[in-house]
Structure formats: structure tokens, C-alpha cells
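Below is one structure; the comments refer to it alone.
First the proteins, then the strands, lettered A, B, ... as listed; each starts at 1.
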Protein chains: 2
Amino acid sequence: LLEVRGVTKIYRTGDGELRALDHVSFTVLRGEFVAIMGHSGSGKSTMMNVLGCLDSPTDGTYRLDGRDVGHLSRDELARVRNEKIGFVFQGFHLLPRATALENVELPLLYAGVSSRLRGTRASAMLDRVGLEHRKGHRPNQMSGGQQQRVAIARALVADAPLILADEPTGNLDSHTSDEIMELFAALHREGKTVVLVTHEADIAAWARRVLRFADGRLVEDLSTPGR
Amino acid sequence: LLEVRGVTKIYRTGDGELRALDHVSFTVLRGEFVAIMGHSGSGKSTMMNVLGCLDSPTDGTYRLDGRDVGHLSRDELARVRNEKIGFVFQGFHLLPRATALENVELPLLYAGVSSRLRGTRASAMLDRVGLEHRKGHRPNQMSGGQQQRVAIARALVADAPLILADEPTGNLDSHTSDEIMELFAALHREGKTVVLVTHEADIAAWARRVLRFADGRLVEDLSTPGR
Ligand SMILES: Nc1ncnc2c1ncn2[C@@H]1O[C@H](COP(=O)(O)OP(=O)(O)OP(=O)(O)O)[C@@H](O)[C@H]1O
Ligand SMILES: Nc1ncnc2c1ncn2[C@@H]1O[C@H](COP(=O)(O)OP(=O)(O)OP(=O)(O)O)[C@@H](O)[C@H]1O
Ligand SMILES: [Mg+2]
Ligand SMILES: [Mg+2]
């Protein structure tokens, strides 16, 4: 499903050149459950932005579902994202003046789903992340962990085949984290491909494979057989 | 130093009344190192906002350094915050168009510190959180964990006697987390009072006392003798 070959990402700043990603190569097959780990600043979010078609590499190729996305137009990339990817951002990126329900409905609005069905599906997904009593609240009326769960619900509502989650449990207590990981595991059993960035070994243990980054390079690719 | 008596915080929303804090009482002495834990939505950030003079309770009293802050004007509260409190926010709240250095200098600017001295002290604090090479970068040019460390540096730069940190290691790998906790521990040994919210038992273990919240109530107050 995901084929990364020699991907490099270079930022030019006032004081020179920064290699956020450095010749990264790996393949993720459909239906895998992968964790990405590494120190702060090692390139994890940058890698996720490439996988999520939000950013293009400076060098190398990325094929999603067999298709080289490096040469698609902005509109084509937006369509690929809407149809194939559910993305949980490290910084949430919720609409501040919309309610939790409106935020979660957004991907369904882009997909042209009817108003009644959008409401039903967004409402059900908010129930699944434990926010049944926060649907009419706006982000600034919610705790950090509640905002994070709205971001998770939004990423999952359109039933996309690929789920990319950047630190989805960073603001959650261990009990709520377990509930969210159970949800990701259930979606994985249904056939979804899940790639999540985490700093915690307990969370990475839910995955079958860990990709470890350091200084923009992929330094370790470890699979755990038959879990 | 911190005297909380019967503090209650009620939010009124479209569908009724929400008790974010419910008759919370505890005392923190000067020089203590306290961790606050509890489920997502249990009232931890709301409690921190009261302790940090950013929000006033609906009922009950809060005395900081012997002074009842519930009846201070906005200007007086701002002065108390600038003189006594270093606050690390769960959502960072960095100025997006300022560099890391400018963001960290901000509390010193409010305190009337000279331009040359501000630069020196902000630069030194960024070194201490491992960001020596990011001083000229703006938040959107940094990773999540780097932004979190800028927020930490900003909270510590004015050498305030009370440090309030809301999930300061949520976006940090375990190695960088340890470095940040070593920094808080060092400041604690120098005599600072530290209160930090965390979801992780490993991080709470650095404190000498844990306050556990559930549904807006303080349900457990556990001290670990002689560490
Ligand atoms: N402005 C507001 N209006 C209505 N409800 C609010 C408001 N701010 C917070 N709340 C509610 O108050 C409760 C406590 O919120 P708080 O942010 O203190 O939780 P928390 O313990 O910090 O959670 P987390 O671990 O997820 O950060 C939550 O249920 C939240 O939805
Ligand atoms: N727009 C940008 N301009 C310059 N440098 C950037 C930019 N965006 C990211 N970087 C740098 O690229 C490197 C990788 O960033 P990235 O966000 O991928 O790290 P990360 O592994 O997700 O870190 P964290 O665990 O802290 O979230 C960092 O050193 C960061 O400072
Ligand atoms: Mg990141
Ligand atoms: Mg909080």
C-alpha cells in the first residue's frame, strides 16, 4: 500500500540546510499495523506528512496504492487524501468556531455525504471515543484529551483504508489511551492499515512492527512475529 | 504557598451546568514537588488555571503566598503571574510569528529586563532544554516536541518561585523527557515549588506527592516519604 524509496526532505533556513528526512526507504503492506518511534525532531511528523500527501519530498519517491503521488496536482492530492486517508494531527487542527460534531462531520461533507447521514455517522464516532456528552461543545470548551479525541473521531469517520495517527494518545490518561488503542486495533482487524507515531513503548506494543527514526534516517525496522 | 479551599468551577453550557471542579481543598507548601493525575476531563487543567491566576473559581478561595487572589483586579493578577509563576501550557500557546528566542524572552520583557540581558538569559534557557540550534526558528519550523520545549524554556526563564507545568512531556520521547525532568528536579533542589500535571506514572514518580482528580473532585492525596 505504501512504498517509500529514498525519500529525502530538506528545509532551507537562515542558517543553512536541515535534513528532516534522509534517504528513507520502506514498504508497508495493506492491513499492517506499524508504529513509528524516535527522538523529538527525528523526522516522524515530516514522514507522516509525506505519507499523508500533505507534503512532497525534496528527493525520492512515494507510491500510495501503486500510484506515484509526487507528481499529482494540488486538487488530485486533495482527492487522494479525502478518499484514502484519515489523519490524526499531532497538533489536532480542529476548527475553533465549530462544534465537536461539526468538526467530525467535515470529511463526510467533502465526500458529499447527505446531511442526515453525516450527523448520524459523526455522532456514532464521537460515542466510540467516549465523547457522547461533548458533541455540541467547541474546542475551547473541552479538555486537551477531549480535543485529541475529536481529532481522532474526525480521522476515522469517513472509514478510510489508511489511518495515520501522530501521537494520538499524547494527552490521554492510560485508561482512555487503552480505549483508543482498542478502537485502532478493532479497525485494524476490519482490514485497515494503521501507522501511528508514538513515544511510548506501551502504545507501540499494540503494533506488529516498529520503524525507528534518528536524525531523519530510518535506523531500525523491527517486526514482531505472530501477535 | 498554595492554599486551595472548597474551590468549585462551574461552566454553563447550552445543555446545563458542568462542574469542572467540585469543592477541591489542599495545601502545597513552599518547595514541594507535586504531580496532578486523573482521567481526561477530570479537571486538571482547570485546577492549574486557578493555581496560575488565569481563571477564578465560581466558589471557594485560593490563596497564593498568603494572599487571596480571588478579589484582585485584572492588572493585579497579571502582576502576580509575572512575578511569581512560570506556566507551561498543555497547548503551548507560543507566538506563531516570533522566533523561539523571542518567545522565551517575553516574560523578561514584561519584567522590564534589559534587551542584552534578555537575550543572554533566553539563549541560556534554550540551551538547557536542548534547543541550542533552534533559537532563530519560528514554531511552524519546529517539531511538536521542540515547540513544547520552547514553552518550557519560556516558563522557566524569569526564575519564578512557582512552576506550573501542564503535561510538559506529552510530546517528548523518553530520553528527552528524562532531560526535562532532570531540569525540573534541579530547579526543585534550588528551592522552587513545582506542580506538574501528567498522565504517566514514570513522570509522576519524580514528584514527592500525587493529587488524583476524578470528575472535578480531589479523590486522593498521596505523599511518598523521604525520597
Ligand atoms: N469553557 C468551558 N466550557 C464548558 N466546559 C468546559 C470548559 N472548559 C473545560 N470544560 C470542561 O471541564 C472539564 C475539565 O476540563 P479540564 O481541561 O480541566 O480537564 P483535564 O483533566 O485537564 O483533561 P485532559 O487530561 O484531557 O487535559 C472537561 O469535562 C471539559 O469538557
Ligand atoms: N518548516 C520547517 N523549516 C525548518 N525546519 C523544520 C521545518 N519543519 C520541521 N523542521 C525540522 O525538521 C526536523 C524534524 O521535524 P519533525 O516534526 O518531523 O520531528 P518529530 O520526529 O515529529 O519530532 P517530535 O517528536 O518532537 O514531534 C526537526 O528538527 C524540525 O526542527
Ligand atoms: Mg512530531
Ligand atoms: Mg488538560
More than 12 heavy atoms from other groups under 6.0 Å of [atom1] on [X]:
X: B:R19; atom1: CZ; value: yes
X: A:D221; atom1: CG; value: yes
X: B:R5; atom1: CZ; value: no

Between B:E200, B:Q141, B:H199, B:Q147, the one whose heavy-atom pairs under 4.5 Å with chain A are most numerous: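 Between B:E200, B:Q141, B:H199, B:Q147, the count favours B:H199.
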
Chain A contacts, top residue of B:L18, B:T169, B:D166 (heavy-atom pairs, under 4.5 Å):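 Ranked by heavy-atom pairs under 4.5 Å with chain A, first place is B:L18.
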
Side chain from CB out, backbone as N, CA, C, O: work out which of these in [X] comes under 4.5 Å of a heavy atom of chain B, or both, or neither.
X: A:S45; value: neither
X: A:E167; value: side chain
X: A:S40; value: both
X: A:Q148; value: neither
X: A:H133; value: neither

Option among A:D55, A:N49, A:D22, A:T58 that satisfies the side chain to side chain donor-acceptor pair (under 3.5 Å) test with A:K9: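 When side chain to side chain donor-acceptor pair (under 3.5 Å) is applied between A:K9 and each of A:D55, A:N49, A:D22, A:T58, only A:D55 qualifies.
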
Pairwise side-chain contact, B:C53 with B:Y62, heavy-atom cut-off 4.5 Å (strictly under):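 Yes, close enough: below the 4.5 Å cut-off.
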
Among the listed options A:Q90, A:H39, A:M37, the residue most often paired with chain B at heavy-atom distances under 4.5 Å: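 Ranked by contacts with chain B, first place is A:H39.
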
Salt-bridge present (B:D127, B:K135; N to O < 4.0 Å):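 Counted as a salt bridge, because a side-chain N and a carboxylate O are separated by less than 4.0 Å.
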
